[in-house]
Amino acid sequence: MRIDIVTIFPSFFDVLDLSLLGKARDAGILSVATHDLRNFTHDRHRTVDDTPYGGGAGMVMKPEPWGEALDHVLAGGESGLTASAAVLVIPTPVGEIFTQADAHELAAEQHLIFACGRYEGIDERVTDHYAARMRVRPISLGDYVLNGGEVAVMAMIEAIGRLVPGVIGNPDSLVEESHEDGLLEYPSYTKPASWRGLDVPPVLLSGNHAAIAAWRHEQQRVRTRDRRPELLAGLPGEAGGNRDTHP
Ligand code: JEW
């Protein structure tokens, strides 16, 4: 998979060299390149923003540097990929919320391009222009305020990258984790068996594998009901439950 990131803060992504994804990059499974949006300006001050038409607070990112930067990435450079093979992901607070299903979909792609906005966001015509030519996904990381797209892109790359075949060794470890089966994970413990007066649940030391599996499933059910009841709505069986009568 090829990943291109356009941003005014390319060094923000330096940490990707140190992460889990670093090994996949070394193995040639994943290549990540950043592109400084300011390199696609032509004025002395390398201006990427301007005041909003219609008035209002803050500044909006100008469309021309975005057009030049994205056309440069789509022209392929060294990658040899074309627009038809690429998905343009635009983090935005007004996008669809990013989910594990999105991570799986995007992990199957050959080429992802991430456009990191700042200020009040990017002139809407950039989305419109590229949506008429390729697949564009306006995506929000969640219902909270961020200062720009970079943190959202970092989270998405981590979620997507670990699903790309070859990025982590054991495929079984991918399916067992939170959100893949609709329930939260059960709690985990390791040695020592007693720590600061807190004991590991004795069933986990019993060697009774059926009892352990049943206990873990019950923990998943109770945790999900208490912390994320909305996840139960789409599952068969109890839709919600009652924590007063079913502790
Ligand atoms: C995200 C790109 C670019 C947030 C989440 N938040 C917010 C917000 C911003 C400007 C105007 C209005 C609201 C900040 N911002 C971004 C925020 C993506 C930009 C500017 C973002 N996912 N992605 N939850």
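Sequence positions, counted from 1, serve as the residue numbers for this chain. These numbers come from the heavy atoms of this one structure, side chains and all, not from hydrogens, waters or symmetry mates. Counting starts at 1 for both ligands and their atoms, following the listed order.
In summary, Glu230 and Arg228 engage in a salt bridge, as defined by a charged side-chain N under 4.0 Å from a carboxylate O. Taking 4.0 Å as the cut-off between side-chain N and carboxylate O, Arg118 and Glu150 count as a salt-bridged pair. Between Asp123 and Arg125, at least one side-chain N (NZ, or NE/NH1/NH2) sits under 4.0 Å from a carboxylate O, which counts as a salt bridge.
Under the side chain to side chain donor-acceptor pair (under 3.5 Å) criterion, Asp128 pairs with no residue at all, not counting sequence neighbours.
Evaluated for a side-chain contact (heavy atoms from CB on, under 4.5 Å) with Val6, the options Val153, Leu37, Leu88 yield exactly one hit, Leu37.
Relative ring orientation between His35 and His72 is described as perpendicular, the plane-to-plane angle rising above 60° on a 0-90° scale split at 30° and 60°.
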Would you mind listing each N/O atom of ligand 1 next to any protein N/O under 3.5 Å, plus the distance?
residue, atom, partner, partner atom, Å
ligand 1, 6 (N), Leu146, N, 3.1
ligand 1, 6 (N), Leu146, O, 3.3
ligand 1, 22 (N), Leu141, N, 2.9
ligand 1, 24 (N), Ser140, OG, 3.4
ligand 1, 24 (N), Gly142, O, 2.8
ligand 1, 24 (N), Tyr144, O, 3.1

